Amino acid sequence: IEPKDLEKFLNSRIKVEGKTGNLGERVTISREKSKINVTAEAPFSKRYLKYLSKKYLKMQQLRDFLRVVAPNKTSYELRYFNINEDNEEE
């Protein structure tokens, strides 16, 4: 998974006022190494970012290995599923 590809995906898919590609100055997307920052002045749903992230993972066929987790109130992370839990139950 490449951060630049996810950034490009978000740039092309985020809707502002019902139109894609209408980011303007109200929504900015920036990338710092492996972090992508989305800053919005307009009303913007955090849940919408989670939806788009899951859609990207599904498109890259990574949805079975990674999940989108909210470590705090203002951000999301992509984490691997904890496979070791399945082994303990057996």
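Everything numeric here is computed off the predicted structure, so don't read it as measured data.
If you take CG on L49 and OG on S75, they are separated by 11.0 Å, rounding to the nearest 0.5 Å. Distance check, rounded to the nearest 0.5 Å: CZ of R67 to CG of L57 gives 12.5 Å. Between the CD1 atom of I29 and the CG atom of N11 there is a distance of 4.0 Å, given to the nearest 0.5 Å.
At a threshold of 4.0 Å, the pair E77-R79 counts as salt-bridged, since one of the basic side-chain nitrogens sits closer than that to a carboxylate oxygen.
Note: Y51 and Y48 have parallel aromatic rings, judged against thresholds of 30 and 60 degrees for the angle between ring planes.
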Item checked: Test side-chain contact (heavy atoms from CB on, under 4.5 Å) applied to L62 and L78, step by step -> CA-CA 11 Å; L62 294 171; L78 297 179; over 6 Å; no

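Sparse packing is recorded around NZ of K58, with 12 or fewer heavy atoms of other residues, nucleotides or ligands lying under 6.0 Å away. Around NZ of K8, the count of heavy atoms belonging to other residues, nucleotides or ligands within 6.0 Å does not exceed 12.
Inter-residue side-chain proximity for F81 and L66 is flagged as unmet; no heavy-atom pair is nearer than 4.5 Å. With contacts defined as side-chain heavy-atom distances shorter than 4.5 Å, the pair Y56/L10 does not qualify.
Taking every heavy atom of both residues into account, A40 and V27 meet most closely at CB-CG2, 4.1 Å.
Residues satisfying the salt bridge (charged side-chain N to carboxylate O under 4.0 Å, His left out) criterion with E32, sequence neighbours excluded, are absent altogether.
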